[in-house]
Amino acid sequence: MSESLVVPTMAEMMARGEQPEVLFWVGCSGSFDDRAKKITKAFVRILNRANVKFAVLGSEEGCTGDPAKRAGNEFLFQMQAMMNIQVFDGYEVKKIVTACPHCFNTIKNEYPGLGGTYEVVHHTEFLKSLLDDGRLTIEGGQFKGKRITFHDPCYLGRANKIYEAPRDLIQKLDAELVEMKRSKANGLCCGAGGAQMFKEPEKGNKDVNMERTDDALEVKPQIIAAGCPFCNTMLTDGVKFNHKEGEVQVLDVAELIANAQDL
Amino acid sequence: MHILSSILFIALTVAGFGFFAVNAKKIYRNIKLGQPVNRTDRSSERFKNMLLVAFGQKKMFTRPIPALLHFAIYAAFMITQIELIEIFIDGIFGTHRIFKEPLGGFYTFMISLIEVMSVAALTATIFFLSRRNLLKLPRLNMKELLGWPKKDANLILMMEIVLVLCIFTMNGTDEVLYNIGKSHFTGQGSFNFTISQFIGPTVFGSLSEGTLHILERVGWWGHFIMVLTFLNYLYFSKHLHILLAFPNTYFANLNPLGQFNNLESVTNEVKLMMDPNADPFAAPAVDENAVPAKFGAQDVMDLNQVQLLNAYSCTECGRCTSSCPANITGKKLSPRLIMMKTRDRLEEVGKNIDANKGTFVEDGKTLLNDYITPEELWACTTCNACVEECPIEISPLSIIMDMRRFLVMEQSAAPMELNTMMTNIENNGAPWQYNQMDRLNWKDEN
């Protein structure tokens, strides 16, 4: 926490006549949600440490439109998408990294049909590539031998078949990766997707995040790792509901790495 | 005698296939009621997908035990079709085991294989029956299956048992007759079919020649009539999947599951809105053939043809529902029920068209509300678990999404909290009420 964050915006870079290696798409959650902001900062610390030349859009960023689209409001979604595409194209963006699987999925899969085609990577994939290229090294440190289970976000896993990158990162920490009975393609939703995050659930016997937290607690982890700010919130709520917040932490993969590095 | 039986055989065949053709045409017509969708691209990839998923049953094998049992029935079904060709030739020309002489040892092998597969299929059938009725597997005993769906499943399993019994009656009695040189196949000895060479003498050995001849015919005709019955039963049953799984997997979505389609009609309007050079008062170009655009789906005709094909292909296995987070936690949504209701409504629309000489007469009902309620639709988390689970790549999610679109864009009937979320996105560029200018505040916070 000693170093201050270096977070250039695209506008600043452009003023200097520079082009970043990658645009970091922070997302609404990562910008405004108190819990998710910690994930954003952890990721930025890693980027700073690895000397990645990146930029954010800052106030020029808008919602990708994912929750609007999945709520059925195609108009609002496409308006948001086209505004964002105009901004991307204005800055000649080629590569985008984001810590939100919803933003990731939408920009990667749904923007091309509206004229916006970019190389989009999830932050777990990006971190893995930094390690593979030797730009970042991690040692297990405080996570060595800890029991960590990974919850697959639907929009990262089933929707885009990314299962290994986050697991590889966890294993790099010399942690003991334990799998829940429902994982990877069979993973259970945290309950937040499809705009559920923004409304009360329909009537039932149980909330989805409680069911999923039970899956996670069953394998007796010390840490539940997630790769999505929404999953993080849902699982954190579930852990609190079970009064386990003293024993079980819910952390984003980026936080695991930043903490291991003592960043 | 053989002329009479030939005539009866041909008459039954024509009637059986004719009736099936009439119903198959109805299904085709009903599917065509849906909106066209382009799923004819990437044909080699599609073909490969069909080969793996429908022919090779790839997705079934995520649950190995039922997969093996299902495979036994499937393989027996496929291979028995070869024997069916012989039955047709024998039936029309009054011959007996016409392939035996020309095929020789291969014939013995083929019929033996059919017998072995039939025993495997019989075992599987008994297992499936007990799984439904004795073990009461939760997924196969949900309330949406009460009534016809349950009966349908049991009926087809019973038909399978009859079919297999006919095969062994036919081959077993013929074996005994051949042993004593009285088979319609000239000569004397054993057919050497793996199973009937043993069960023939054991079960039928003590019967008189007359009885044996009658039983042999009972088996033969029974087998044939069962095939025709089965064929015509398909139209009324979830067992249509044995035919439709193939086109259904061919036309399946090949894009990433998270990629939801972008409505083109919306794109045009949004582009116009965002174009600073567009004349806001310009009258849109008039298209003579234009149907007034509806955003999203209210009824089956608003769904696309692949979604309707999906509905007819659904086997009601319920793997989708048992993996649905909403359903697991007791909400009303059941992806299987979404498919069943879509098919029920489509059938109803089809009957309406039949009754009204080819045109649909408004019946005051729609898929939305009369069959599927908004409560079910709003419970979906769009997690794609149902799509992932489906052994033949049906997407209940795409129907749910299209109906949500109708609710929101045509009826402005989103839950209140979602309206708040959408207003926030419109005004602040975020689903929460924060100022867009504050998006980078986190940088300087501790």
Determine whether B:Ile425 and A:Phe77 make a side-chain contact, defined as any pair of heavy atoms from C-beta on separated by less than 4.5 Å.
no
State, yes or no, whether a side-chain contact exists between B:Trp442 and A:Val26 at a heavy-atom distance under 4.5 Å.
yes
Counting only heavy atoms closer than 4.5 Å, note whether B:Phe295 contacts chain A via side chain, backbone, both or neither.
side chain
The interface call for A:Val208 against chain B, heavy-atom contacts under 4.5 Å, is both
Checking heavy atoms, do the side chain of B:Pro415, its backbone, both or neither come under 4.5 Å from chain A?
side chain
Need one label for B:Leu407: side chain, backbone, both or neither, based on atoms under 4.5 Å from any heavy atom in chain A.
neither
Hey, could you give me the CD/CZ distance between B:Glu269 and A:Phe75, rounded to the nearest 0.5 Å?
4.5 Å
Please check if atom CZ in B:Phe61 has more than 12 non-hydrogen atoms from other residues, nucleotides or ligands closer than 6.0 Å.
yes
Hey, is NZ on A:Lys181 packed in by over 12 heavy atoms from elsewhere, all under 6.0 Å?
yes
Kindly check if the number of other-residue, nucleotide or ligand heavy atoms within 6.0 Å of CD (B:Gln433) is above 12?
no
Taking A:Ala195, A:Ala71, A:Gly113 one by one, which has the highest count of heavy-atom pairs under 4.5 Å against chain B?
A:Ala71
Between B:Phe260 and A:Glu110 the two heavy atoms that sit nearest each other are N-OE2, 2.8 Å
Taking the side chain as every heavy atom from C-beta outward, state whether B:Lys271 and A:Met82 have any pair of such atoms under 4.5 Å apart.
yes
Donor-acceptor check, side chain of A:Asn109 to backbone of B:Gly258, threshold 3.5 angstrom: yes or no?
no
How far does NZ of A:Lys37 sit from CG of B:Asn441, to the nearest 0.5 angstrom?
7.0 Å
State, yes or no, whether a side-chain contact exists between B:Met422 and A:Pro67 at a heavy-atom distance under 4.5 Å.
no
Whatever's closer than 4.5 Å to a heavy atom in chain A on B:Met416 counts as neither
Run the side chain to side chain contact (heavy atoms under 4.5 Å, CB included) check on B:Arg439 and A:Leu57 step by step: do they pass?
CA-CA 9 Å; B:Arg439 274 190 100 96; A:Leu57 285 171; over 6 Å; no
Non-hydrogen atoms of chain B under 4.5 Å away: do they reach the side chain of A:Glu60, the backbone, both or neither?
backbone
Shortest non-hydrogen pair, A:Cys28 vs B:Gly429, comes out as SG-O, 3.7 Å
Picking from A:Gly157, A:Cys190, A:Ser29, which has the most non-hydrogen pairs under 4.5 angstrom with chain B?
A:Ser29
Indicate yes or no: at least one non-hydrogen side-chain atom of B:Glu417 is less than 4.5 angstrom from one of A:Met197.
no
Under 4.5 Å to a heavy atom of chain B? For A:Glu61 that would be both
Separation between CD (A:Glu202) and CD (B:Glu376), nearest 0.5 Å, reads 10.5 Å
Of all of A:Leu188, A:Leu114, A:Thr106, which one pairs up most often with chain B through heavy atoms under 4.5 Å apart?
A:Leu114
Select, from B:Glu264, B:Gln436, B:Glu426, the one with the greatest count of heavy-atom pairs under 4.5 Å involving chain A.
B:Gln436
Might you point out which heavy atoms bring B:Lys443 and A:Leu5 nearest each other, and give the distance in Å?
O-CD1, 4.1 Å
Find the one option among A:Lys108, A:Lys206, A:Lys41, A:Arg70 whose heavy-atom pairs under 4.5 Å with chain B are most numerous.
A:Arg70
Should the heavy atoms of other residues, nucleotides or ligands under 6.0 Å from CD of B:Glu445 be counted, would the total exceed 12?
yes
What part of A:Asn186 lies closer than 4.5 angstrom to a heavy atom of chain B: side chain, backbone, both or neither?
side chain
At a heavy-atom separation under 4.5 Å, does B:Met421 approach chain A through its side chain, its backbone, both, or neither?
side chain
NZ (A:Lys184) with more than 12 external heavy atoms under 6.0 Å
yes
Shorter than 4.5 Å, heavy atoms on both sides: which option in B:Val266, B:Asn435, B:Leu440 has the most such pairs with chain A?
B:Val266
When only pairs under 4.5 Å are counted, which of A:Gln196, A:Lys38, A:Glu74, A:Met83 shares the most heavy-atom pairs with chain B?
A:Glu74
Check whether A:Val44 gets within reach of chain B through its side chain, its backbone, both or neither, counting any heavy atom under 4.5 Å.
side chain
Which answer fits B:Asn428, side chain, backbone, both or neither, if we ask what part of it has an atom under 4.5 Å from a heavy atom of chain A?
neither
Tell me, do B:Ile328 and A:Arg182 make a side-chain contact under 4.5 Å, heavy atoms counted?
yes
Identify which part of A:Asn73 has an atom lying under 4.5 Å from any heavy atom of chain B, answering side chain, backbone, both or neither.
both
State, yes or no, whether a side-chain contact exists between B:Asp438 and A:Phe32 at a heavy-atom distance under 4.5 Å.
yes
When the 4.5 angstrom heavy-atom criterion is applied to A:Phe198 and chain B, the contacting part is both
I need the minimum non-hydrogen distance between B:Cys383 and A:Cys189, along with the two atoms involved.
CB-CB, 3.6 Å
Please flag which part of B:Ala385 lies under 4.5 Å from any non-hydrogen atom of chain A: side chain, backbone, both or neither.
both
Residue selection (most heavy-atom pairs with chain A, distance under 4.5 Å) from B:Cys380, B:Ala326, B:Gly296:
B:Cys380
Do A:Asn160 and B:Gln259 have side chains that get closer than 4.5 Å, going by heavy atoms?
no
Go through B:Glu388 and A:Arg158 one step at a time and tell me if the salt bridge (Lys or Arg N to Asp or Glu O under 4.0 Å) criterion holds.
CA-CA 7 Å; B:Glu388 178 76 39; A:Arg158 265 193 300 274; 5.3 Å; no
Where does A:Phe230 contact chain B at under 4.5 Å (heavy atoms): side chain, backbone, both or neither?
side chain
What's the shortest heavy-atom distance between B:Asn261 and A:Lys69, and which atoms?
O-NZ, 3.0 Å
